[in-house]
Amino acid sequence: MKKEDLLRRVGSMQQAAGIRAVRCMEGRAGGMKAFEVKNDRMSFMVLEDKCLDIGELSYKGCNMNFLSKPGLTGRAHYDTNGGEAIRSIMGGMLFTSGLRNICTPCTVQGEDFPMHGRIRTTPAEHVCSDAWWEDGVYRLRIAGEMREAALFGENLVLRREITTAYQEKSIHIRDVVINQGFREEPFLILYHFNIGWPLLSEECDLIIPSSETLARDREAMRGLSKWNTIEEPIDGEPEYVFLHEMAADENGNTFAAVYNRELEMGLQISFSKKALPYFMEWKSRASGDYALGLEPANASVYGKQYHLERGDHPSIGPQEEAVIELTLTVLDGEEDFKKVMKEKEAYCSPGER
């Protein structure tokens, strides 16, 4: 709808789109600052106190993200160390792992690295939000920066910008990681997108342009032949993790998507394989932990020690920066599904489709 036509129909643009700063009042989320974003039929929450990650996402009233048993959770210093971190991992639409460790906790040269790193519980500073008209388009923006630093240690900054536009079905994430220190630093980052019910169900197709798919471990080998199907929940079922070698276009662009045939709705995550060469699929069918994780990363799911042993640990030099861009897009209807399938066919050779 054109700007003039829309403004004739609303008193405030907040009827149609806007950003509202909020503070949670109770439970494990008590005191957490966040932004509620409304964009026509899409709404989502950006967590100011947790890395500007995306806590919740819905479209046409349909929830799309997974929330773990603790529910919406704020910063919890007491349970972010070692394996205790599992008590503060709420899932959400996106949580960011890094910046010096991803996946399993470990100790290297006497230094402890918590599960999925520290950045996911780091509050943002220099935070700003804006909503404005530009060339007839109503744009929404949230930005801020998170710092992972220690006395005599690292000084890494993650500057994040999240944008969308009225009636656009996409959320754009632009991250700039800067080493503001004067020594080379380990740099690992993983984007943990978590799909949940009712979008996630037995009616889902998982669409990944994968040229090769491997099981992380012996448990995952059991489910390797069905990596791209979503089944019903099962009591006590173990998690499965699969490693994908992603096909991409000539510029390195690739994606992963899930589409619910019954709801005629889905999600697509687009990113650059050049910036994020690893991709993991986390499939949890356990009753009460029913979730699908789509996880582009710059390092392997085997984590920090794996790369140290191989001698290929990702790093970032002093005063250097790395730019990473991802787009989360809602798929609405069969036409969107067909476009995604055509995109997959364009990336993959006939034998990979």
Side-chain angles (χ1 to χ4, degrees), residues 19 21 32-35 45-55 74-77 80-81 85 88-89 92-103 105-106 108-109 111-130 140-163 171-193 271-272 274-278 295-299 303-304 307 313-328:
I19 300 172
M32 180 174 65
K33 293 184 290 184
F35 294 96
M45 176 182 281
V46 176
L47 308 179
E48 179 178 343
D49 280 346
K50 296 181 73 174
C51 195
L52 292 179
D53 279 336
I54 301 173
R75 299 188 66 232
H77 298 286
T80 56
N81 297 316
S88 67
I89 293 177
M93 187 68 252
L94 165 66
F95 73 82
T96 307
S97 300
L99 292 170
R100 298 168 73 237
N101 187 47
I102 61 173
C103 302
C106 63
V108 178
Q109 296 180 345
E111 182 178 359
D112 294 329
F113 293 89
M115 183 175 183
H116 280 304
R118 295 182 172 90
I119 201 67
R120 66 182 181 84
T121 56
T122 300
E125 53 188 335
H126 306 309
V127 179
C128 57
S129 65
D130 200 2
L140 307 172
R141 174 181 179 268
I142 298 170
E145 71 175 35
M146 288 64 62
R147 186 179 300 271
E148 184 170 329
L151 178 65
F152 306 127
E154 75 280 1
N155 191 15
L156 299 175
V157 173
L158 167 58
R159 293 184 59 84
R160 172 164 288 178
E161 181 181 61
I162 296 174
T163 57
I171 303 168
H172 306 281
I173 302 166
R174 186 178 190 271
D175 284 350
V176 181
V177 178
I178 309 162
N179 180 0
Q180 292 189 349
F182 295 90
R183 69 185 193 192
E184 187 171 8
E185 291 291 347
F187 167 44
L188 298 95
I189 193 165
L190 180 149
Y191 296 85
H192 211 299
F193 292 93
F271 57 95
S272 169
K274 293 179 181 178
L276 302 168
Y278 293 83
E295 308 169 22
N298 76 338
K304 188 176 192 70
H307 286 288
H313 195 297
S315 64
I316 184 169
Q319 307 303 310
E320 288 186 354
E321 63 180 51
V323 179
I324 303 172
E325 296 181 324
L326 308 96
T327 299
L328 181 62

Please answer whether the main-chain N or O of Phe187 pairs with a side-chain N or O of Asn298 as donor and acceptor at a distance below 3.5 Å.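 At least one qualifying donor-acceptor pair exists.
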
Under 3.5 Å donor-acceptor, His192 side chain and Thr96 backbone: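 Judged by distance alone, no pair lies under 3.5 Å.
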
Apply the test side-chain contact (heavy atoms from CB on, under 4.5 Å) to residues Leu158 and Thr122: give CA-CA distance (whole Å), side-chain angles for both, the deciding distance (0.1 Å), then the verdict. CA-CA 10 Å; Leu158 167 58; Thr122 300; over 6 Å; no

By side-chain contact (heavy atoms from CB on, under 4.5 Å), Ala34 pairs with (sequence neighbours left out) Val22, Met45, Leu47

Checking Asn155 now: which residues fulfil side-chain contact (heavy atoms from CB on, under 4.5 Å) with it, not counting sequence neighbours?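 Asn155: side-chain contact (heavy atoms from CB on, under 4.5 Å) contacts with Arg147, Ala149, Gln180.
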
Measure across [X] and [Y] and return the closest heavy-atom pair with its distance rounded to 0.1 Å.
X      : Y      : answer
Phe35  : Ile19  : CD2-CG2, 3.7 Å
Cys51  : Ile119 : CB-O, 3.3 Å
Asn179 : Gly317 : ND2-O, 3.0 Å
Leu94  : Ile173 : CD2-CD1, 3.7 Å
Leu156 : Pro186 : CD1-O, 3.9 Å
Gln319 : Gly181 : NE2-O, 2.8 Å

Take Val127 and Lys33 through the test side-chain contact (heavy atoms from CB on, under 4.5 Å) and record every step on the way to the result. CA-CA 11 Å; Val127 179; Lys33 293 184 290 184; over 6 Å; no

Pairing residues for [X] by the side-chain hydrogen bond (donor to acceptor under 3.5 Å, both in side chains) criterion, not counting sequence neighbours:
X      : answer
Glu184 : Ser315
Glu320 : none
Asp112 : Thr107

How many angstroms lie between atom [atom1] of [X] and atom [atom2] of [Y], to the nearest 0.5 angstrom?
X      : Y      : atom1 : atom2 : result
Ile171 : Leu328 : CD1   : CG    : 5.0 Å
Ile89  : Ser97  : CD1   : OG    : 7.0 Å
Glu295 : Phe193 : CD    : CZ    : 10.5 Å

Evaluate the criterion side-chain contact (heavy atoms from CB on, under 4.5 Å) for residue pair Leu276 and Ile324; output intermediate values, then yes/no. CA-CA 8 Å; Leu276 302 168; Ile324 303 172; 3.8 Å; yes

Compare all side-chain heavy atoms of Leu99 with those of Ile189 and state whether any distance is below 4.5 angstrom.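 SC-SC contact between Leu99 and Ile189 confirmed.
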
Is any side-chain heavy atom of Glu325 closer than 4.5 Å to one of His172?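 Side-chain contact under 4.5 Å: no.
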
Criterion side-chain contact (heavy atoms from CB on, under 4.5 Å) on His116 and Cys103, from CA distance to verdict: CA-CA 4 Å; His116 280 304; Cys103 302; 4.3 Å; yes

Test: salt bridge (Lys or Arg N to Asp or Glu O under 4.0 Å). Region: residues 148-163. Which pairs qualify, not counting sequence neighbours?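 Those involving residues 148-163 are Asp53-Arg160, Arg100-Glu154, Arg141-Glu161, Glu145-Arg159, Arg160-Asp175.
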
